[in-house]
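The analysis underlying the following values was restricted to heavy atoms, covering all of them including side chains, and did not include hydrogens, waters or symmetry mates. Counting from 1, the numbers follow the sequence of the chain as shown.
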Amino acid sequence: MSGVGLRRLLETAVTQGVTEARARIFGHVLNPTGQRSPHKLLRKKLIGDKVSQWYPHDVTKDDPLVMAAREQERLSKLEMLKRRGKGPPKKGQGKGAAKRNKGK
């Protein structure tokens, strides 16, 4: 009876030793308890550089000529709105000022 118990003990020790050696040789992480581990995710290559290389560089943000053209377009549109009376109110003439002065 004790021979069977000893044999089973030796079998488990050998299989455990083989498993540890295999993990060491092939670079695997040994997880005998089977708990969840982030190792699989951390082992992957990072893809941030690939994603940023996929999209072309936005030249319009760096080019001063494009920025000046946009600003000029904005100012001309604002001037047109002011001529029609639709521009932004002067400081102290907006809705908040009208509400404050209404109560007095």
Side-chain angles (χ1 to χ4, degrees):
M1 194 70 170
S2 65
V4 174
L6 182 62
R7 184 174 179 181
R8 181 167 289 164
L9 182 67
L10 282 174
E11 284 179 2
T12 57
V14 168
T15 54
Q16 185 177 3
V18 168
T19 308
E20 288 177 3
R22 183 176 58 213
R24 216 175 311 120
I25 291 170
F26 294 111
H28 296 162
V29 174
L30 194 60
N31 189 4
T33 59
Q35 290 181 328
R36 292 185 69 181
S37 168
H39 181 75
K40 189 174 180 180
L41 293 173
L42 295 174
R43 197 174 57 206
K44 289 184 179 179
K45 290 183 180 177
L46 299 176
I47 61 168
D49 294 333
K50 291 280 188 186
V51 171
S52 64
Q53 288 174 1
W54 176 261
Y55 295 100
H57 179 67
D58 192 9
V59 179
T60 59
K61 291 183 180 179
D62 295 337
D63 192 8
L65 295 175
V66 174
M67 293 299 286
R70 281 188 180 171
E71 181 68 16
Q72 186 62 37
E73 185 179 334
R74 186 185 73 82
L75 291 175
S76 65
K77 183 178 178 183
L78 186 61
E79 183 63 35
M80 185 178 67
L81 288 171
K82 280 184 183 177
R83 276 187 271 146
R84 291 191 328 197
K86 303 286 186 182
K90 293 180 183 175
K91 189 172 181 180
Q93 302 289 325
K95 287 182 182 178
K99 287 180 183 177
R100 264 186 257 115
N101 293 336
K102 196 175 193 181
K104 290 183 180 177

Measuring from atom [atom1] of [X] to atom [atom2] of [Y], what distance do you get when rounded to the nearest 0.5 angstrom?
| X | Y | atom1 | atom2 | answer |
| --- | --- | --- | --- | --- |
| Asp63 | Arg70 | CG | CZ | 10.0 Å |
| Ser37 | Leu30 | OG | CG | 11.5 Å |
| Met80 | Lys86 | CE | NZ | 12.0 Å |
| Thr19 | His28 | OG1 | NE2 | 12.0 Å |
| Lys95 | Lys99 | NZ | NZ | 7.0 Å |

Take atom [atom1] of [X] as the centre, draw a 6.0 Å sphere, and report whether it contains more than 12 heavy atoms from other residues, nucleotides or ligands.
| X | atom1 | answer |
| --- | --- | --- |
| Leu10 | CG | yes |
| Ile47 | CD1 | no |
| Glu71 | CD | yes |

Does anything in residues 7-22 pair up under salt bridge (Lys or Arg N to Asp or Glu O under 4.0 Å), and if so which pairs, sequence neighbours excluded?
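For residues 7-22: Arg7-Glu11.
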Is the backbone N or O of Gln53 less than 3.5 Å from a side-chain atom of Asp49, with the two atoms forming a donor-acceptor pair by type?
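No; judged by distance alone, with no hydrogens or angles, the pair does not exist.
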Are a donor atom and an acceptor atom from the side chains of His39 and Asn31 found within less than 3.5 Å of each other?
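There is no such pair (donor and acceptor under 3.5 Å, judged by atom type) between the side chains of His39 and Asn31.
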Among all residues two or more places apart in sequence or in another chain, which pass the salt bridge (charged side-chain N to carboxylate O under 4.0 Å, His left out) test with Arg83?
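Here no residue qualifies.
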